[in-house]
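In what follows, a single structure is set out as structure tokens and then discussed.
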Protein chains: 2
Amino acid sequence: MADRERIYGRRPVAEAERGRRAPHRVWRAPDTPAEELERLAGSPDHQGVVAEVDPYPYADPNGLLEPDDALVVVLDQIQDPHSLGAIARAAEVAGAAGLVIPERRAASVTPAAAKASAGAVEHLAIARVRNVADWLGRAKGRDAWVYGAAANADRSYTEVDWGGRAVLVLGSEGSGLRPRVAGACDELISIPIAGRVDSLNASVAAAVIMFEARRQRVAGPGG
Amino acid sequence: MADRERIYGRRPVAEAERGRRAPHRVWRAPDTPAEELERLAGSPDHQGVVAEVDPYPYADPNGLLEPDDALVVVLDQIQDPHSLGAIARAAEVAGAAGLVIPERRAASVTPAAAKASAGAVEHLAIARVRNVADWLGRAKGRDAWVYGAAANADRSYTEVDWGGRAVLVLGSEGSGLRPRVAGACDELISIPIAGRVDSLNASVAAAVIMFEARRQRVAGPGG
């Protein structure tokens with residue numbers, strides 16, 4: 001029981017209910033007073049509902065690349081649970097096979113991340129790995145092509161082939177990919193910038209690339 | 001002087017400095033204590049810098065469609081300044097010609113929106129209009145093709161032609177386009193959903209569509 005956690009918010013709780021961790025208990029306004037909901041959630045952001053659920057069921061990192069057209073997104077050192085949640089939401093909607101995050105020095109799937117994902121984490125496969133570069137090496141061994149997003153890369157994300165098994169690696173918003181992680185990629189890509197502000201936020205960049213991958217997959221090669 | 005406002009945050013102030021409203025005065029930590037910065041900003045989110053600037057210089061809504069390949073984004077009733085800011089950031093990076101927002105019942109370019117845009121509002125043309133549907137009618141009169149994003153539309157955003165003058169209309173995250181606004185569009189489009197969660201957040205959806213428009217424009221017809 002000690003390792004159960006409390007998620008909060010309308011959509012996170014609704015998605016948990018139809019996902020992999022049916023709540024053991026749910027508190028709702030007005031039966032439960034707002035102050036009590038805030039105390040239970042540990043956040044004022046509960047939207048009138050809090051649920052007690054099992055710990056987040058992380059996926060097996062070795063299973064994510066099973067489908068021969070799997071698109072897996074790897075987050076290298078994303079620290080902000082809201083970014084993790086927003087990327088998970090976009091990944092789930094884009095039909096990605098899953099997300100890989102580091103075990104340490106990175107955001108994990110906390111209730112705040114679940115909230116920011118609008119509950120998408122309840123359906124998406126998210127795996128934790130001890131070492132991101134090692135996992136990328138294994139992915140290459142399984143014929144996945146590994147693309148790393150890097151602001152200074154010459155190649156546009158629209159110019160590469162997103163068919164087959166593909167991995168997209170995203171670094172932290174501030175400092176990008178770590179050298180060893182960048183070195184483990186087959187190719188570095190960027191989103192060309194047309195304006196004067198020089199970057200997109202992490203979840204927007206992730207979504208733009210994931211939906212280009214999806215577009216290519218639906219349209220077929222050369223589509 | 002009374003109509004000056006105070007923006008805050010590192011990137012918003014830096015972009016104002018190289019944009020259209022050079023600050024009249026800047027306060028920075030540690031010369032100015034954190035409590036004083038918070039009071040000046042009216043927000044704890046100041047990142048150690050606050051600047052006094054002129055009111056936001058809204059653009060002329062009739063000028064946005066001048067370029068014959070202008071892509072203009074219209075926000076129908078987006079209430080959240082963070083959504084407005086995030087969409088403005090993506091629009092500026094994607095090379096959109098500008099943004100149109102309603103004068104009433106919608107977020108305006110507040111300091112919170114400027115912060116959420118990472119300062120992109122200082123470079124992007126943002127115009128306010130009294131009536132969104134009327135503006136769309138005028139846009140059609142100037143040979144712009146008007147696409148409205150609607151979750152239930154059959155046509156995918158990837159299947160339409162984003163060349164020439166184009167307008168993308170986005171509704172509020174909760175309730176979508178108002179009927180009169182939807183009726184003023186040439187065509188309704190959607191982003192196909194591959195997962196179980198049924199929607200993207202507004203700024204992610206806007207970015208995915210804007211970057212598809214940009215991809216088509218760079219690749220040329222059929223690219």
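From a predicted model like this one, the values you see are computed outputs, not experimental measurements. Residue numbers start from 1 in every chain, and the chains themselves are labelled A, B, ... in the order their sequence lines are given, proteins ahead of strands.
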(message) Less than 4.5 Å to any heavy atom of chain B: does that hold for the side chain of A:Arg214, its backbone, both, or neither?
(response) side chain

(message) Rounded to the nearest 0.5 Å, what separates atom CZ in B:Phe211 from atom CZ in A:Phe211?
(response) 14.5 Å

(message) I need the contact set between residues 142-151 of chain A and chain B: heavy-atom distance under 4.5 Å, sorted by residue number.
(response) none

(request) Considering non-hydrogen atoms only, spot the tightest contact between B:Val197 and A:Ala118 and give its length. (result) CG2-O, 4.3 Å

(request) Could you tell me which of A:Ile193, A:Leu200, A:Ile209 has the largest number of non-hydrogen atom pairs under 4.5 Å with chain B? (result) A:Leu200

(request) Return the option, out of A:Glu212, A:Arg196, A:Glu159, A:His123, with the maximum number of heavy-atom pairs under 4.5 Å with chain B. (result) A:Arg196

(request) Output the residues of residues 68-98 of chain A for which the shortest heavy-atom distance to chain B is under 4.5 Å, in residue-number order; output 'none' if no such residue exists. (result) A:Arg89, A:Ala90, A:Glu92, A:Val93, A:Ala94, A:Gly95

(request) Please name all residues satisfying side chain to side chain donor-acceptor pair (under 3.5 Å) with B:Glu122, sequence neighbours left out, ordered by chain then number. (result) B:Arg21

Donor-acceptor contacts under 3.5 Å from residues 6-14 of chain A side chains, at least two apart:
{"unit_1": "A:Arg6", "atom_1": "NH1", "unit_2": "A:Leu40", "atom_2": "O", "d": "3.4"}
{"unit_1": "A:Arg11", "atom_1": "NH1", "unit_2": "B:Ser199", "atom_2": "OG", "d": "3.3"}
{"unit_1": "A:Arg11", "atom_1": "NH2", "unit_2": "B:Asp198", "atom_2": "OD1", "d": "3.1"}

(message) For B:Ile191, which atoms come within 4.5 Å of any heavy atom of chain A: side chain, backbone, both, or neither?
(response) side chain

(message) A quick test of your reading: do over 12 heavy atoms of other residues, nucleotides or ligands sit less than 6.0 Å from CG of B:Asp60?
(response) yes

